[in-house]
Amino acid sequence: MNVGQLVVKKLVSLPVSSSMREVAKVMKENDVSSVILTNEKGEIVAIVTERDITRAVADGLDYSTPAGRIGNSPVISVERDLPLLEALELMGEKKIRHLLVKDKDQPIGVVSLREVANTISLMNFADSY
């Protein structure tokens, strides 16, 4: 199985100038744990996760803080045909919890560490029977 098979939700993005509140609102509305931030040219410049927002709130940042200030960059991306085990290894190596998935350099979605690990676990369970 590969990471592209785990992409089930549309890619959610906002301008890098969006506020932390706007990012949180879009996460809630789209039921996602991350939002991709883009510059004026539409290029991907960062990713903001639920964890980033939690840290920012804990640090006392105002909700109007630009999301670009709390986002992570560079965004690590992989092609959709990357096997799940390789994705899990990459996430561990880079100490990240989200991967941008691309199809021929076009972003198609984001997969989380939880999704990758749960799928591998289910595959291993199924193989044992």
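Predicted model, so just to flag it, every value in this text is computed and none were measured.
In this structure, Gln5 and Asn2 approach most closely via the heavy-atom pair OE1-N, 2.8 Å. Nearest heavy-atom pair across Thr38 and Ser13 is CG2-CB, 4.3 Å. The nearest pair of heavy atoms linking His98 to Ser33 is NE2-OG, 3.0 Å. Counting all heavy atoms, side chain and backbone alike, Gly71 lies closest to Val48 at CA-CG2, 3.7 Å. Of all non-hydrogen atoms in Thr119 and Met1, the two that sit nearest each other are CG2-SD, 3.5 Å. Nearest heavy-atom pair across Leu100 and Gly109 is CD1-O, 3.5 Å.
At a threshold of 4.5 Å between non-hydrogen side-chain atoms, the residues Ile53 and Met20 count as touching. For the pair Val110/Leu99, no side-chain contact is recorded, criterion being any heavy-atom separation below 4.5 Å from C-beta on. Counting heavy atoms from C-beta outward, Arg21 and Ser64 have side chains that stay 4.5 Å or more apart. Under the 4.5 Å side-chain criterion, counting only non-hydrogen atoms from C-beta, Leu82 is not in contact with Glu79. You'll find the side chain of Asp62 reaches within 4.5 Å of the side chain of Thr65, heavy atoms only. Taking 4.5 Å as the limit, some side-chain heavy atom of Pro107 sits within range of a side-chain heavy atom of Ile44.
One distance of note links CZ of Arg97 with OG of Ser34; it measures 13.0 Å at 0.5 Å rounding. Atoms NZ and CG, from Lys102 and Asp81 in turn, are 13.5 Å apart once rounded to the nearest 0.5 Å. Put simply, CD1 on Ile76 and CD on Glu93 are 9.5 Å apart, with the number rounded to the nearest 0.5 Å. In this structure, the separation between OG on Ser77 and CD1 on Ile108 is 11.0 Å, given to the nearest 0.5 Å. We find the NZ-NZ distance between Lys25 and Lys28 to be 9.5 Å, quoted to the nearest 0.5 Å. Between the CG atom of Leu84 and the CE atom of Met91 there is a distance of 10.0 Å, given to the nearest 0.5 Å.
Judged purely by atom type and a 3.5 angstrom limit, Gln106 has no side-chain atom pairing as donor or acceptor with the backbone of Asp103. Glu115 places a side-chain N or O within 3.5 Å of a backbone atom of Ser112 that can act as its donor or acceptor partner.
Ile70 and Val26 fall within the same hydrophobic cluster, where Ile, Leu, Val, Met, Phe, Trp and Tyr residues are linked whenever their side-chain heavy atoms come under 4.5 Å apart, directly or through other members. Residue Leu11 is not grouped with residue Val32 when hydrophobic side chains (ILVMFWY) are merged at heavy-atom distances under 4.5 angstrom, including chains of intermediate members. Both Leu113 and Ile96 belong to a single network of hydrophobic side chains, linked directly or stepwise wherever heavy atoms of I, L, V, M, F, W or Y lie under 4.5 Å apart. By the rule that hydrophobic residues join a cluster once side-chain heavy atoms approach within less than 4.5 Å of another member, Val78 and Leu6 end up as members of one cluster. Under the 4.5 Å side-chain contact rule for hydrophobic residues, Ile47 and Val45 do not share a cluster.
Pairs of residues two or more places apart, or lying in two chains, that qualify as salt bridge (charged side-chain N to carboxylate O under 4.0 Å, His left out) and include a residue from residues 31-53 are Lys9-Asp31.
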